[in-house]
Amino acid sequence: MIDPKLVRDDPEAVRASQRARREDPDLVDAVLAADDLRRSTIAGFDRLRAEQKGLGREVAQAAGDEKAALLARTKHLSGEVKAADVAQNEAATAYDGLLRRLSNIAEPGVPEGGEEDYVVLEHVGEPPQLDFEPRDHLELGQRLGAIDTERGAKVSGARFYFLTGVGAQLQLAMLNLAMAQAIEAGFVMVVPPVLVRPEAMEGTGFLAQAAADVYHLAEEDLYLVGTSEVPLAAFHMDEVIDADRLPLRYAGWSTCFRKEAGSYGKDTRGILRVHQFDKVEMFSYCLPEDAAAEHQRLLAWEKEMLAKVEVPYRVIDVAAGDLGSSAARKYDCEAWVPTQGRYRELSSTSNCTTFQSRRLRIRVRDAEGTRPLATLNGTLATTRWIVAILENHQQADGSVRVPAALRPFLGGREVLEPVPT
RNA sequence: GGAGAGGUGGCCGAGUGGUUGAAGGCGCGGCACUGGAAAUGCCGUGUAGGGUAACUUAUCGAGGGUUCGAAUCCCUCCCUCUCCGCCA
């Protein structure tokens, strides 16, 4: 939720942000109209309620005939107060509903446009020069006895997989490497619940545009999280945090679940796009004025991790139209995938400014009082990284070189060798 | 799953139908005292809405209800604790 004052004080800025995102600018005017109605119903209710309370005080002190007369007078007021209360609540609900539909204000400098309008900020590393026909990650994974998608489909359906042997070990090694880095950087490691209440899902903004991608358990009314960003953001829901405790940095380790609705036929091979994967996610709470700098720090930590797995990648500044509703700015790191001849997203870091904290009622308290704080998130490693690691470090014989930083987490192994099937 | 006890301000904790936004304590801020500090004393201190302002409204887990009036009574739900049952 954006700052309601901004809509009132500078509606054109909000309209401009909506246009940049290719969302509806007229929503701003609907919010303004709902706000007018809301305020007038509040005035009506307040007046009646004040009168009722005043009479109530007199009733409390009166007795006998005087009391009876007062009661007669106030009896009809009761109904009016109730009606005004209903009107007030309806107007407030309508206003809130519209306000929540407004996406976060894109940060100045965000590229305009849609998915294809990102700006490449930099390239790091060179695609490997392979003097043989590269195998894709699935073929490599099968030869290594690392990835089994056929049995994944048998047991659970399409887009499910088993990580076996060195595949499972590689994932654990990578996530451990990521977590070790995060802890070294001062993050608090968190293993969060992956089933959350509607409030947590709603508060982080995932029930808006990403709703179709979210698994829901109807019987319990719980949602499976698509990222530990959700429980990490909701961790401090309804809390007031002293300014001197900020920034708070958490590194979540969790399994993530995504329906991948609308991606039928896309990336169906291997483990590039799956319903369930594991991830180490960084999450920061900081002062709003520090958010942009914190965003750069998260990006730097992502790059540090990418350097450790030695894959070539580029950093893109995601265009406004391709931002999630919560994000004011988003940088993606995309790794080179040799068999696809293109870059694929490995990590993503978003500055959600005060959008999530306002929805989740998380505030910071300093000398001036309390106010919403900023939340940011960024990926440190996911199952998908295995794709880039296998393909970029493959050798002619189908073996895969292990990046040096991962070796300590793999019992010192330098090469993953094919196994007999 | 069953039975019972609870959910009150940043925190702890009184309060069972009427000037209670809510005693008291802690914390925090200011002042006094001090060479400075601690201790002590005094004063102040929730949040969110509406209003140019004076001021006003809401808020005692959430949502309904009873009543002229609800933190307080009733219903539903959520959560916590204790005991029993069940259990990968």
Side-chain angles (χ1 to χ4, degrees), chain A residues 1-9 31-100 155-156 192-203 207 216-223 231 234-246 248 255 285 287 354-373:
Chain A
M1 183 161 57
I2 67 170
D3 186 351
K5 284 195 207 76
L6 183 66
V7 184
R8 211 181 296 168
D9 298 343
V31 170
L32 288 172
D35 191 24
D36 283 342
L37 180 63
R38 170 180 145 276
R39 285 193 277 173
S40 66
T41 56
I42 285 172
F45 170 79
D46 280 9
R47 187 173 44 74
L48 288 168
R49 182 67 174 142
E51 188 182 345
Q52 184 185 43
K53 283 178 77 168
L55 284 171
R57 271 190 284 270
E58 291 181 45
V59 170
Q61 291 174 329
D65 288 350
E66 193 191 352
K67 185 161 186 168
L70 280 169
L71 286 181
R73 242 177 92 200
T74 189
K75 212 144 196 166
H76 79 278
L77 236 190
S78 182
E80 287 182 50
V81 169
K82 277 198 177 99
D85 192 27
V86 168
Q88 173 191 241
N89 286 333
E90 283 175 354
T93 303
Y95 167 72
D96 190 61
L98 287 168
L99 188 63
R100 277 170 180 266
V155 174
S156 301
V194 295
L195 284 168
V196 301
R197 300 158 157 283
E199 219 181 343
M201 214 60 178
E202 220 285 320
L207 285 191
H216 180 226
L217 300 188
E219 203 171 329
E220 287 81 10
D221 196 18
L222 290 172
Y223 293 89
F235 188 61
H236 286 298
M237 179 164 64
D238 289 315
E239 294 181 21
V240 178
I241 297 167
D242 285 322
D244 57 18
R245 290 181 61 202
L246 299 179
L248 285 171
T255 300
Y285 296 83
L287 293 172
T354 55
F355 188 88
Q356 291 178 330
S357 69
R358 213 173 256 113
R359 289 171 158 240
L360 293 165
R361 298 170 303 278
I362 306 169
R363 287 168 298 162
V364 56
R365 180 186 23 240
D366 56 19
E368 278 90 69
T370 64
R371 57 191 167 124
L373 46 67

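In the text below, chain A, chain B and the rest are named by the order of the sequence lines, each starting its count at 1. As a basis for the values below, the full set of heavy atoms in this structure was taken, side chains included, without hydrogen atoms, waters or symmetry mates.
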- Please tell me which of A:Ala43 and A:Lys75 maps to the more 5' nucleotide of RNA chain B, matching each residue to the nucleotide holding its nearest heavy atom. A:Ala43
- Note on the structure: When both distances are under 3.5 Å in a Watson-Crick or G-U wobble arrangement, the nucleotide paired with B:rG6 is B:rC79
- Looking only at side-chain N and O atoms, does A:Gln88 come under 4.0 Å of OP1 or OP2 in B:rU57? no
- Could you please name the option among B:rG49, B:rC68, B:rU67 that lies closest to any side-chain atom of A:Arg38? B:rG49
- Query: Got a second to check how far A:Leu37's CG is from A:Tyr95's OH, nearest 0.5 Å?
  - Reply: 12.0 Å
- Can you tell me how far C1' of B:rG10 sits from CD1 of A:Ile241, to the nearest Å? 12 Å
- Item | Salt-bridge contact A:Arg49-A:Asp46 (side-chain N to carboxylate O under 4.0 Å) | no
- Using the P atom in both, what is the distance from B:rG29 to B:rU82, to the nearest Å? 37 Å
- Task: Give a yes/no on whether any side-chain N or O of A:Ser78 is located under 4.0 angstrom from OP1 or OP2 of B:rG69.
- Result: yes
- Look through every strand shown and name the nucleotide pairing with B:rU72 as Watson-Crick or G-U wobble, where both distances are under 3.5 Å. none
- Which of these nucleotides, B:rG50, B:rG69, B:rU47, is closest to any side-chain atom of A:Arg39? B:rG50
- Message: Using a heavy-atom cut-off of 4.0 Å across all strands, would you classify A:Arg363 as base, sugar-phosphate, or nothing?
- Response: sugar-phosphate
- Could you work out the separation of B:rG63 and B:rC68 based on their C1' atoms and round it to a whole Å? 24 Å
- Task: Quote, to the nearest angstrom, the C1' distance that separates B:rA23 from B:rG30.
- Result: 24 Å
- If you measure from the C1' atom in B:rG13 to the same atom in B:rG27, how many Å do you get, rounded? 14 Å
- Check every strand shown and say whether A:Leu71 touches a base, only sugar-phosphate, or nothing at a heavy-atom separation below 4.0 Å. base
- Using purine N1 to pyrimidine N3 plus N6-O4 or O6-N4 for Watson-Crick, or N1-O2 and O6-N3 for G-U wobble, each under 3.5 Å, what pairs with B:rG1? B:rC84
- Query: Within this structure, what is the CG-to-P distance between A:Leu48 and B:rA58, rounded to whole angstrom?
  - Reply: 12 Å
- Item | Separation of B:rC77 C1' from A:Glu199 CD (nearest whole Å) | 13 Å
- Task: Scan A:Arg358 against the nucleic acid and name what it touches under 4.0 Å (heavy atoms): base, sugar-phosphate only, or nothing.
- Result: nothing
- Query: Say you pick atom C1' in B:rU72 and the same atom in B:rG15; how far apart are they, in whole Å?
  - Reply: 9 Å
- To the nearest Å, give me how far apart CZ (A:Phe45) and P (B:rU57) are. 9 Å
- Query: To the nearest 0.5 Å, how far apart are CZ in A:Phe355 and CG in A:Asp3?
  - Reply: 12.5 Å
- For B:rA22, which nucleotide in any strand shown is its Watson-Crick or wobble partner with both distances under 3.5 Å? none
- Item | Any A:Thr74 side-chain nitrogen or oxygen under 4.0 Å from OP1 or OP2 of B:rU67 | no
- In the strands shown, is B:rG35 matched to any nucleotide by a Watson-Crick or G-U wobble pair with both distances under 3.5 Å, and which? none
- Task: Tell whether A:Asp46 reaches the base of B:rG49 with its side chain through a donor-acceptor pair below 3.5 angstrom.
- Result: yes
- Task: Would you kindly compare A:Ala50 and A:Val59 by the position of their nearest RNA chain B nucleotide and give the one closer to the 5′ end?
- Result: A:Val59
- Measure the distance from CG on A:Leu37 to P on B:rG49 and round it to the nearest whole Å. 18 Å
- Sticking with atom C1', work out how far B:rG9 lies from B:rU59, rounded to a whole angstrom. 11 Å
- Query: For A:Asp36 and B:rG49, what is the distance between atoms CG and P respectively, to the nearest whole Å?
  - Reply: 17 Å
- How close or far is atom C1' of B:rA48 from atom OH of A:Tyr95, stated in whole angstroms? 13 Å
- Message: Rounded to the nearest 0.5 Å, what separates atom OG1 in A:Thr74 from atom CG in A:Leu55?
- Response: 4.5 Å
- Item | Carboxylate-amine/guanidinium contact A:Glu202 A:Arg100, below 4.0 Å | yes
- Query: Paired with B:rG17 by Watson-Crick or G-U wobble geometry, both distances under 3.5 Å: which nucleotide is it?
  - Reply: none
- Item | Watson-Crick or G-U wobble partner of B:rG44, both distances under 3.5 Å | B:rC28
- Task: Run the salt-bridge test on A:Glu199 and A:Arg361 with the 4.0 Å N-O cut-off and return the result as yes or no.
- Result: yes
- Message: Rounded to whole Å, how long is the line connecting atom CG of A:Asp238 with atom P of B:rC11?
- Response: 11 Å
- Are the charged groups of A:Arg8 and A:Asp35 less than 4.0 angstrom apart, N to O? yes
- Task: Would you check if the side chain of A:Asn89 reaches a backbone N or O of A:Asp85 as a donor-acceptor pair within less than 3.5 Å?
- Result: yes
- Message: Below the 4.0 Å mark, does B:rC79 have OP1 or OP2 next to a side-chain nitrogen or oxygen of A:Arg197?
- Response: yes
- Task: Please state the C1' separation for the pair B:rG6 and B:rU16 - nearest whole angstrom.
- Result: 15 Å
- Task: Would you indicate, yes or no, if B:rU56 has its OP1 or OP2 atom less than 4.0 angstrom from a side-chain nitrogen or oxygen of A:Arg49?
- Result: no
- Task: Considering just the side-chain nitrogens and oxygens of A:Arg8, establish if one lies under 4.0 Å of OP1 or OP2 belonging to B:rG50.
- Result: yes
- Task: For B:rC74 and B:rG2, measure between their C1' atoms and round to the nearest Å.
- Result: 24 Å
- Query: If you check the A:Lys82 side chain, which of B:rU66, B:rG49, B:rU57 turns out closest?
  - Reply: B:rU66
